*Asks:* 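Below you will find the structure I want to go over with you.
The analysis underlying the following values was restricted to heavy atoms, covering all of them including side chains, and did not include hydrogens, waters or symmetry mates. A quick note: this is a predicted structure, and the numbers were derived from the prediction, not measured.
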Amino acid sequence: MAIQSTGKWTRRLEFQRIKDKAAKALKVYAGDLQSELDKFEALPQILSTNPLFVNLLQHPEDARLRNRVNIELERINRLAQTSAIYIMDASGTVIGSSNWRGAVSFIGEDLSFRPYFKEAIQGRPGRYFALGTTSHVRGYYFSAPITPSTIPIGVLTVKVQLQRLEDIWAKGSEKVIVTDPQGVIFITSYAPWKFRSLHPLSREVMEKLRKSRRYGDIEPDALTGTAIGMTGNDSTLLDLRNDAVAMEERTVNGHHPYLIQSKTMPDAGWTVHILSDLSHIDSYVRNMMLFMTVFLAALLLLGMLLYNRRKAKRERILLEEHARAMLQQANEQLEYKVKQRTRELTRINSRLHEEIEEHKQTEQELRATQNELIQAGKLAAIGQMAASITHEINQPLSAIRMYADNACMFLDQKHPEEARKNLSDIAVVISKMAEITRHLKSFARKSPGKVAPILLAEPVTSALTLLDPRITKHDVQVNVNLPKTDIYVLAEPIRLEQVLVNVIGNSLDAVNNRKIKEITLDVSLNNQWVTITLHDSGNGIAVEHLDRLFDPFFTTKEDGRGLGLGLSLSQAIIQDFGGTIRADNHPEGGAVVTITLKRAAPEEKSKKSEEK
């Protein structure tokens, strides 16, 4: 019931709003039209008294006089801003016109059939709206008799175009039309309705329009059938046909309800109408009814919610009282459990601190053990090199003894220059021995363990220098391919040197008993990484040993020749640098050890040096 009442009330209010708005607009449009006509109403009567025009009607054969009249009519037409002003004689023939120069001239036209001529020639002012027979331009005609005495001898007509007013109306949102007494639309704000009728015209009316030639050869087509309802006073409901509305507004059922309100203009014999589209009212009413439905549903839900809320509140009070008692009991149990758990956590926390301290101590011991193992690896490497180094040192010592004996002999023979030369040779041999021992001391020294940018060529050169006695002894060809530019890596020089000594030493062991003894060390760059590849011409690595090469204490050497810690320690050192080390067999034979280190910028090295 409420929803239906809302629909009726909404429809009535919306209809009244549209009607009131259109009624106000109708008064404005009718006033504008009346004002436009009033501007020219008195003009024919004023001009009909002009002696020049009367003189022309009395002497129509005077060509000079006719020319003066045409010029004067042209001047007045321009000043008054009318469409045309012309003079007809008593027979209805135009003998003077303002458009006498134009391509379309009224001169010589017989307009005796026009109603405005018939009215004026009988001594009464005439008014008429029609489509020009010559210009085919719509206009409103004001006519007045030219009466020098008592009988009219001619008619003066002023044609006014209402196109300017129509253009102004077209800019508005309302649909405004002006109809003649037969209901034909001759002024409209909606161009497609021009020269159509509101209702179907009878045969008699159509015949009358053809005879009067009011609209030329146009036969007005109706916008609608018949009125479908009356709303009282001067308002009517119309149902426009599909072809009377724009293409986008057409519907399947072909119904287009409009409210039409009218206002008559008795002086002109016209009726001004304003049409208001009512098609949106149904959707507006549906929306309001839907809104009311939603509102009532929400109101019902709110009532149910309030009822349930009050009911839930009563139940909640009872539950709270019960829960309060249960909570008190649970709280007491919880306090007991918390105290018990706190004591247990305190005990566990103390034990955890003890274990953390034990782990720290163990980690320190492991690190110390690792350092000792690294140092032991160095000493083991030195021990393996001892025989070769001893051989290298024994030769210089024998040379020193020989040079010393020779020097003494030359001194006894009073040859100081030869003695000086032998002493100089002794100094050169001692320098070579010092270089060997310097590398041994540097290699044996414990590393500080700090990673920093270093020049890669330095540990490579030092490692090869330490292993040079073994390389020379076994006649091994070592090929070193370093880039021409300086390469810096993140590492620690002493530990990287130890890694290189380990892997190169293994390669020397691998090629010892081979016919071709060759080791190749390549350095390559890949973006932010530096790769060191060591390839030997040995027998390669047994497949079953590949997965165990870096395990601690794993060795394939004879007893007493190694602890099996070299590669394990090397892997730990390289991983500490943030790099990788791996071993594999080369497709062409022999083993390949690949070391990857992070590349460093030269400026990083200089900055580190300054900080040190």
Side-chain angles (χ1 to χ4, degrees), residues 1-11 13-14 283-374 447-452 490 492 495 528 547-548 550-554 565 568-569 571-582 596 598 611:
M1 180 71 72
I3 295 173
Q4 290 179 351
S5 299
T6 299
K8 293 179 181 179
W9 176 76
T10 302
R11 185 179 298 276
L13 284 181
E14 180 64 11
S283 61
Y284 180 71
V285 170
R286 283 196 299 270
N287 291 338
M288 289 302 295
M289 292 175 69
L290 178 62
F291 173 76
M292 180 56 67
T293 302
V294 174
F295 175 74
L296 291 176
L299 195 62
L300 178 62
L301 290 174
L302 181 61
M304 294 175 62
L305 180 64
L306 292 175
Y307 171 76
N308 291 333
R309 188 175 180 181
R310 291 187 63 185
K311 182 180 178 182
K313 186 176 181 180
R314 289 195 299 268
E315 294 177 352
R316 187 171 65 251
I317 292 173
L318 295 175
L319 288 173
E320 285 177 355
E321 293 177 353
H322 177 71
R324 195 175 293 112
M326 296 295 295
L327 185 63
Q328 182 65 28
Q329 182 181 358
N331 188 43
E332 293 174 356
Q333 294 178 357
L334 181 62
E335 288 182 355
Y336 172 76
K337 290 181 179 180
V338 167
K339 290 179 181 178
Q340 186 178 10
R341 185 61 176 165
T342 301
R343 288 194 295 270
E344 184 178 352
L345 287 174
T346 302
R347 181 179 58 80
I348 293 174
N349 190 40
S350 300
R351 178 57 185 162
L352 183 61
H353 280 294
E354 293 176 0
E355 290 181 357
I356 290 173
E357 291 299 325
E358 291 176 0
H359 281 302
K360 289 182 179 179
Q361 183 66 28
T362 302
E363 183 180 357
Q364 292 176 357
E365 292 175 357
L366 286 174
R367 187 174 294 277
T369 301
Q370 185 184 34
N371 291 335
E372 292 299 328
L373 284 174
I374 292 173
S447 168
K450 187 175 182 181
V451 177
L490 287 177
E492 195 278 319
R495 288 195 289 167
Q528 300 301 317
D547 295 335
R548 300 183 58 197
F550 296 97
D551 292 347
F553 303 106
F554 174 78
L565 292 175
S568 176
L569 292 174
Q571 184 182 49
I573 292 171
I574 294 300
Q575 288 177 349
D576 192 28
F577 295 162
T580 60
I581 181 172
R582 68 177 187 275
T596 304
K598 291 182 180 179
E611 291 177 354

*Asks:* Using a 4.5 Å cut-off on heavy atoms from C-beta on, say whether the side chain of R495 contacts that of D576.
*Replies:*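 Of all side-chain heavy-atom pairs linking R495 with D576, at least one is under 4.5 Å.
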*Asks:* List in chain and number order the residues that pass side-chain hydrogen bond (donor to acceptor under 3.5 Å, both in side chains) with E320, two or more places apart in sequence or in another chain; answer none if no residue qualifies.
*Replies:*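 Listed in chain order: nothing, the list is empty.
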*Asks:* Just wondering, more than 12 heavy atoms not from Q528 lying within 6.0 Å of its CD?
*Replies:*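 No, not enclosed.
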*Asks:* Do the side chains of K598 and F577 get nearer than 4.5 Å, heavy atoms only?
*Replies:*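 Not in contact.
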*Asks:* Please tabulate, for side-chain N and O atoms in residues 327-344, each donor-acceptor pair with protein atoms closer than 3.5 Å (sequence neighbours left out).
*Replies:*
| residue | atom | partner | partner atom | Å |
| --- | --- | --- | --- | --- |
| R341 | NH1 | E344 | OE1 | 3.1 |
| R341 | NH1 | E344 | OE2 | 3.1 |
| T342 | OG1 | V338 | O | 2.6 |

*Asks:* Distance check, rounded to the nearest 0.5 Å: I348 atom CD1 versus H353 atom NE2?
*Replies:*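 Spacing of CD1 (I348) from NE2 (H353) equals 12.5 Å.
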*Asks:* Taking all atoms of both residues into account, what is the closest heavy-atom pair of T596 and I574, and its distance?
*Replies:*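 So the two residues come closest at O-CG2, 4.2 Å.
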*Asks:* Show me, pair by pair, the donor-acceptor contacts under 3.5 angstrom made by side chains of residues 287-310, not counting sequence neighbours?
*Replies:*
| residue | atom | partner | partner atom | Å |
| --- | --- | --- | --- | --- |
| N287 | ND2 | S283 | O | 3.2 |
| T293 | OG1 | M289 | O | 2.8 |
| N308 | ND2 | M304 | O | 3.2 |

*Asks:* Between E321 and R324, is the closest basic N to carboxylate O distance under 4.0 Å?
*Replies:*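 The answer is no: the pair does not qualify as a salt bridge.
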